[in-house]
Amino acid sequence: MTDLVAVWDVALSDGVHKIEFEHGTTSGKRVVYVDGKEEIRKEWMFKLVGKETFCVGAAKTKATINIDAISGFAYEYTLEINGKSLKKYMENRSKTTNTWVLHLDGEDFRVVLEKDTMDVWCNGKRMETAGEFVDDGTETHFSVGNHDCYIKAVSSGKRKEGIIHSLIVDDREIPEILE
């Protein structure tokens, strides 16, 4: 990887993915790696600007690297996820998902709730869940190893804030992290 020009970390429901891009401006080479695995390789591209599109993660999320000339032989590389700049995508994602990181039985787990579908992901796998209505909202139950977990959804009582989601594992609340 001698022509490595850009590296991005992209947080998706199934985990954080590392995207690396090689651009050989003298050889015309373009190589895209996702999590260390080569996804695209093009040699002898005479057009040094343009874009490369590929998929990331279990949900095959569309990603595009844009290559633009900024002056002379200087280039700018931008990453788009689902047609949005990485920054915009991550801002939007913080509104549509909740993420928790917890340590159980000597292992780290990353739990993600997709609020639009109510899908729960843990370490890259979509979990089997059971929804239940309770007095003050809903609970989405699932297991991590032999630990009982549920995500409790209750109204904040404020229209701007909407619904508050909390992860409860073995009867204790896990603090949410912001990615």
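Note that the coordinates shown come from a computational prediction; the quantities given were computed from them, not determined experimentally. Quick note: numbers below take in every heavy atom, side chains included, and nothing from hydrogens, waters or symmetry partners.
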Sequence-distant partners of Thr64, side chain to side chain donor-acceptor pair (under 3.5 Å), two or more places apart: Thr53
Main-chain N/O of Ser94 paired to Thr97 side chain as donor or acceptor, under 3.5 Å: no
Results of salt bridge (charged side-chain N to carboxylate O under 4.0 Å, His left out) for Lys152 - residues two or more places apart only: Asp136, Glu139
Side chain to side chain, Val144 and Val169, heavy atoms closer than 4.5 Å: no
Thr140 vs Met118 side-chain heavy atoms within contact, under 4.5 Å: yes
Asp170 side chain vs His147 backbone, donor-acceptor pair below 3.5 Å: no
Nearest atoms (heavy-atom pairs only) where Glu52 meets Val32: CB-CG2, 4.3 Å
Val134 and Glu132: CA distance, side-chain angles, deciding distance, side chain to side chain contact (heavy atoms under 4.5 Å, CB included) verdict: CA-CA 6 Å; Val134 292; Glu132 178 185 352; 4.2 Å; yes
Val112 and Asn98: CA distance, side-chain angles, deciding distance, side chain to side chain contact (heavy atoms under 4.5 Å, CB included) verdict: CA-CA 6 Å; Val112 177; Asn98 290 78; over 6 Å; no
Contacts of His141 that satisfy ring-ring contact (aromatic ring centres under 6.0 Å, His included) - sequence neighbours left out: Tyr150
Residue pair Asn92 / Lys84, side-chain heavy-atom distance below 4.5 Å: yes
Student check: side-chain heavy atoms of Leu12 and Tyr89 closer than 4.5 Å: yes
Side-chain heavy-atom pair Phe109, Val101 within 4.5 angstrom cut-off: no
Val111 and Trp121: CA distance, side-chain angles, deciding distance, side chain to side chain contact (heavy atoms under 4.5 Å, CB included) verdict: CA-CA 6 Å; Val111 176; Trp121 293 76; over 6 Å; no
Electrostatic pair Glu39-Lys37, nearest N-O below 4.0 angstrom: yes
Verdict with supporting geometry, Ile67 and Phe21, side chain to side chain contact (heavy atoms under 4.5 Å, CB included): CA-CA 10 Å; Ile67 308 153; Phe21 183 56; 3.6 Å; yes
Minimum-distance pair of heavy atoms, taken over all atoms of Ala58 and Asp14: N-OD2, 2.6 Å
Side-chain donor/acceptor of Ser85 to backbone N/O of Lys88, under 3.5 Å: yes
Lys115 side chain vs Lys95 backbone, donor-acceptor pair below 3.5 Å: yes
Would you give me the side-chain donor-acceptor pairs under 3.5 Å for residues 69-81, sequence neighbours excluded?
{"residue": "Tyr77", "atom": "OH", "partner": "His23", "partner atom": "ND1", "Å": "2.7"}
{"residue": "Glu80", "atom": "OE2", "partner": "Asn66", "partner atom": "ND2", "Å": "3.1"}

Asp119: partners by side chain to side chain donor-acceptor pair (under 3.5 Å), with sequence neighbours left out: Thr117
Side chains of Arg41 and Lys29 in contact at under 4.5 Å (non-hydrogen atoms): yes
All salt bridge (charged side-chain N to carboxylate O under 4.0 Å, His left out) counterparts of Arg110, not counting sequence neighbours: Glu179
